[in-house]
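These values consider heavy atoms only, across backbone and side chains, with no hydrogens, waters or symmetry-generated copies. The structure displayed is predicted, hence computed values, not measured ones.
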Amino acid sequence: MSNKEEFTFDKLADIPIFVGIGNRSNLEAIVVTQSGKVFLYDLGDGDETEIGQVTFDANQLQLQIHNFCDFVGVTQKNGTFGTVLSLTDCKYAKALERGEYCAYASQFPIAFYAKDEKTFLIHGTEWNRLDITCLESDDLLTDRIIDDENDLNSFDYFHSSLSVSPDSTSFISNGWHWHPFGRVTHYSIDRFLSDYEAAHFDILLTDDADPEDAYLEADWDRPHCWIARDKIAFGCNRGSGYYGEKIFQSEILIYDLKSKAITRIPFDGFRVTDEGDVAGSLYFDSERNRLIGLNSKTGLLITELDGIVILKNESLAGFDYNVRHSVFFRWDEDGRKLELIRINN
């Protein structure tokens with residue numbers, strides 16, 4: 001059973017162009033408008049609050065929204081610029097820029113975490129550089145000189161989408177190496193603060209079931225989610241070769257950061273592109289120990305951790321999922337409306 005709600009934001013004086021869902025206790029929408037203004041919209045009582053304005057042209061490229069506690073980051077998904085705003089202080093705005101080199105080929109790297117009652121931002125500042133900033137003080141914790149010619153703090157790697165562990169002690173970059181091929185890199189946050197990119201280790205998604213090491217040179221920005229502080233689930237496909245040579249069966253690889261062991265789960269919940277890449281989103285329901293997959297072709301798939309199917313729903317093709325509020329949502333750009341769906345299952 002499911003129920004559906006729609007919101008058009010008619011009360012706003014400006015035209016909404018992109019909408020996300022917040023992670024605070026109330027169900028709230030983050031609304032970006034044509035003029036670049038950003039509003040916090042309470043989906044329960046309809047109250048709206050202007051929280052600031054992005055520091056770049058919001059109409060230029062596709063947007064993405066990341067939010068954490070009282071902060072929200074609005075960035076160009078495959079572009080150069082972004083802005084962090086505060087949900088409680090409309091005067092707060094932190095401009096982000098990561099450089100133009102191959103920005104179109106990877107997602108803007110951004111992630112939040114909390115420690116000692118402070119909020120920290122991990123963000124890309126160059127194609128091969130991440131920095132960590134304390135948002136309350138604006139202190140840059142990773143100031144350093146990078147000299148590629150003399151191999152000083154240099155890293156031949158294109159950072160892309162970031163994800164922080166549930167206990168905020170480590171993170172991954174879902175990026176790639178030139179020529180190109182994808183490679184997920186893992187970092188202890190404490191080590192990164194002193195050793196920067198040299199603190200990384202490569203997550204090698206291959207095992208005896210993949211004897212030709214096809215996953216060693218696969219796509220990047222692949223679907224993934226943390227299922228524990230030391231375990232990450234990755235959406236993958238199995239086979240020899242890539243770049244469109246074969247259509248692969250979708251599956252999930254659960255990687256154990258301690259043992260480096262891989263557990264495989266059948267999971268046909270992703271779209272496979274013409275290039276053989278896996279596309280879609282993956283989430284973990286920690287309360288029910290379930291995996292939730294979404295993609296723009298076959299919609300929703302929910303399974304147990306052993307791969308047993310709980311639910312399929314093709315009508316949710318193109319939807320995202322908010323873990324905090326257990327709600328599926330989609331911004332209909334043509335209809336200028338936000339669709340919310342709750343599934344009781």
Worksheet item: Does atom CD of E287 have more than 12 heavy-atom neighbours from other groups under 6.0 Å away?
Response: no
Item to complete: Might you confirm whether atom NZ of K91 has over 12 heavy atoms from other residues, nucleotides or ligands at distances under 6.0 Å?
Response: no
Discussion item. Just to verify, which of L253, D256, I254 counts as forming a side chain to side chain contact (heavy atoms under 4.5 Å, CB included) with I262?
Written reply: L253
Worksheet item: Does the side chain of K260 come within less than 4.5 Å of Y255's, by heavy atoms?
Response: yes
Worksheet item: I343 versus L311: any side-chain heavy-atom pair under 4.5 Å?
Response: yes
Discussion item. Within the 3.5 Å criterion, strictly below it, is a donor on E197 or H159 matched to an acceptor on the partner's side chain?
Written reply: yes
Item to complete: Decide whether a cation-pi geometry holds between R129 and F155; the criteria are a distance under 6.0 Å from NZ or CZ to the six-membered ring centre and an angle within 45° of the ring axis.
Response: no
Worksheet entry | Side-chain donor-acceptor pair present, D131, T125, cut-off under 3.5 Å | yes
Practice prompt. For this output row, return yes or no: ring centroids of Y157 and H200 closer than 6.0 angstrom.
Written response: no
Discussion item. Looking only at the side chains, is there a donor atom on one of D156 and N128 sitting less than 3.5 Å from an acceptor on the other?
Written reply: no
Discussion item. Less than 4.0 angstrom from a charged side-chain N to a carboxylate O is my criterion; do E339 and K4 meet it?
Written reply: yes
Item to complete: Mind checking the NZ-CG spacing from K312 to D268? Nearest 0.5 Å is all I need.
Response: 6.5 Å
Discussion item. Is the shortest side-chain heavy-atom distance between I132 and L193 below 4.5 Å?
Written reply: yes
Discussion item. Evaluate E333 against I17 for side chain to side chain contact (heavy atoms under 4.5 Å, CB included), listing each step before the verdict.
Written reply: CA-CA 7 Å; E333 186 173 357; I17 60 172; 5.7 Å; no
Worksheet item: At their closest point, which heavy atom of I110 faces which heavy atom of G73, and how far apart are they?
Response: CD1-CA, 4.1 Å
Worksheet item: Parallel under 30°, tilted from 30 to 60°, perpendicular over 60°: which one fits the rings of F112 and F71?
Response: parallel
Practice prompt. Evaluate the criterion salt bridge (charged side-chain N to carboxylate O under 4.0 Å, His left out) for residue pair E28 and R324; output intermediate values, then yes/no.
Written response: CA-CA 11 Å; E28 300 168 322; R324 172 69 186 273; over 6 Å; no
Worksheet item: Can I30 be reached from L63 by stepping across I, L, V, M, F, W or Y side chains whose heavy atoms are under 4.5 Å apart?
Response: yes
Discussion item. With a 6.0 Å cut-off (strictly less than), is the heavy-atom count around CD of E136, excluding the residue itself, greater than 12?
Written reply: yes
Item to complete: Say whether F9 and V327 are linked into one hydrophobic cluster, either directly or through other cluster members, by side-chain heavy-atom distances under 4.5 angstrom.
Response: yes
Discussion item. Applying a strict under-4.5 Å side-chain criterion to I, L, V, M, F, W and Y, I'd like to know whether W331 and L340 cluster together.
Written reply: yes
Fill in: Sub-6.0 Å ring centroid separation between F120 and Y113
yes
Worksheet item: Is a side-chain donor or acceptor of D57 paired with a backbone partner of N59 at a separation under 3.5 angstrom?
Response: yes
Fill in: Side chain R98, main chain A103, donor-acceptor under 3.5 Å
yes
Worksheet item: Closest approach of R144 and T142, non-hydrogen atoms and distance?
Response: NH1-O, 2.8 Å
Item to complete: To the nearest 0.5 Å, tell me how far S170 OG sits from L257 CG.
Response: 6.0 Å
Fill in: Distance-minimising heavy-atom pair for S160 and W220
OG-CD1, 4.4 Å
Worksheet entry | Check: Y101 ring centre within less than 6.0 Å of F158 ring centre | yes
Discussion item. Taking the ring centre of each residue, are Y41 and F39 less than 6.0 Å apart?
Written reply: no
Discussion item. Could you check whether any side-chain N or O of H186 sits under 3.5 Å from a backbone N or O of V184, counting only pairs where one atom can act as donor and the other as acceptor?
Written reply: no
Discussion item. Could you measure the distance from the CG atom of L85 to the CG atom of N67? Nearest 0.5 Å is fine.
Written reply: 11.5 Å
Discussion item. For D42, is there any backbone N or O sitting under 3.5 Å from a side-chain donor or acceptor partner on D47?
Written reply: no
Discussion item. If we count only N and O atoms by modelled type, under 3.5 Å, do the side chains of W226 and S163 hold a donor and an acceptor together?
Written reply: yes
Worksheet item: Would you find more than 12 non-hydrogen atoms of other residues, nucleotides or ligands less than 6.0 Å from L152 atom CG?
Response: yes
Item to complete: Measure the spacing between CG of N26 and CG of L40 and express it to the nearest 0.5 Å.
Response: 9.0 Å
Item to complete: Evaluate the side-chain proximity of D320 to Y283: yes if any heavy-atom separation is below 4.5 Å, no if none is.
Response: yes
Discussion item. On a heavy-atom basis, which atom in L294 and which in L316 lie closest, and how many Å separate them?
Written reply: CD2-O, 3.9 Å
Worksheet item: Is there a chain of hydrophobic side chains (I, L, V, M, F, W, Y, each step under 4.5 Å between heavy atoms) that links L27 to L338?
Response: yes
Worksheet item: Side-chain contact, heavy-atom cut-off 4.5 Å: D70 with T119?
Response: no
Worksheet item: Do the charged groups of K337 and E5 touch, with an N to O distance under 4.0 Å?
Response: no
Item to complete: Say whether R183 and S173, considering side chains only, have a donor N or O and an acceptor N or O under 3.5 Å apart.
Response: no
Worksheet item: Under 4.5 Å between any side-chain heavy atoms of Y321 and I341, yes or no?
Response: no
Fill in: Common cluster, I232/F171, ILVMFWY with side-chain heavy-atom separation under 4.5 Å
no
Worksheet item: Can we say D332 and R330 salt-bridge, meaning some charged N sits less than 4.0 Å from an Asp/Glu carboxylate O?
Response: no
Discussion item. In this structure, is the centre-to-centre distance between the rings of F201 and Y187 below 6.0 Å?
Written reply: no
Discussion item. With a 6.0 Å cut-off (strictly less than), is the heavy-atom count around NZ of K115, excluding the residue itself, greater than 12?
Written reply: no
Worksheet item: When rounded to the nearest 0.5 angstrom, what is the spacing between OH in Y196 and CG in L130?
Response: 13.0 Å
Worksheet item: Side chains of D202 and T185: donor-acceptor distance under 3.5 Å anywhere?
Response: no
Discussion item. I'd like to know if the side chain of T133 and the backbone of L135 have a donor-acceptor N/O pair within less than 3.5 Å.
Written reply: no
Discussion item. Checking side-chain polar atoms at under 3.5 Å, does T75 have a donor or acceptor matched by the opposite partner on Q64?
Written reply: yes
Worksheet item: When rounded to the nearest 0.5 angstrom, what distance separates CD1 in I203 from CD1 in I172?
Response: 5.5 Å
Discussion item. When you compare the side chain of I65 with that of V32, does any pair of heavy atoms fall below 4.5 Å?
Written reply: yes
Item to complete: State, without any angle test, whether Q60 and Q76 hold a side-chain donor-acceptor pair at a distance under 3.5 Å.
Response: yes
Discussion item. Restricting to non-hydrogen atoms, name the atom on I252 and the atom on L282 that form the minimum distance, rounded to 0.1 Å.
Written reply: CD1-CD1, 3.8 Å
Discussion item. Between D14 and K37 (salt bridge meaning N to carboxylate O under 4.0 Å), is one present in this structure?
Written reply: no
Discussion item. Within the structure provided, determine whether I15 and R336 are in side-chain contact (heavy-atom separation under 4.5 Å).
Written reply: yes
Worksheet item: For D190 and S188, does a side-chain donor sit closer than 3.5 Å to a side-chain acceptor?
Response: no
Worksheet item: Should the ring pair F270 and F267 be called parallel, tilted or perpendicular, given that the plane angle runs from 0 to 90° and is split at 30 and 60?
Response: tilted
Fill in: Polar side-chain atom of N322 near backbone of G22 as donor-acceptor pair, under 3.5 Å
yes
Item to complete: Start with the C-alpha distance between T298 and R271, add both sets of side-chain angles, then the distance that settles side chain to side chain contact (heavy atoms under 4.5 Å, CB included), and finish with yes or no.
Response: CA-CA 7 Å; T298 61; R271 179 176 64 87; over 6 Å; no
Discussion item. Give me the atom names and distance for the closest heavy-atom approach of A279 to N295.
Written reply: O-CB, 3.7 Å
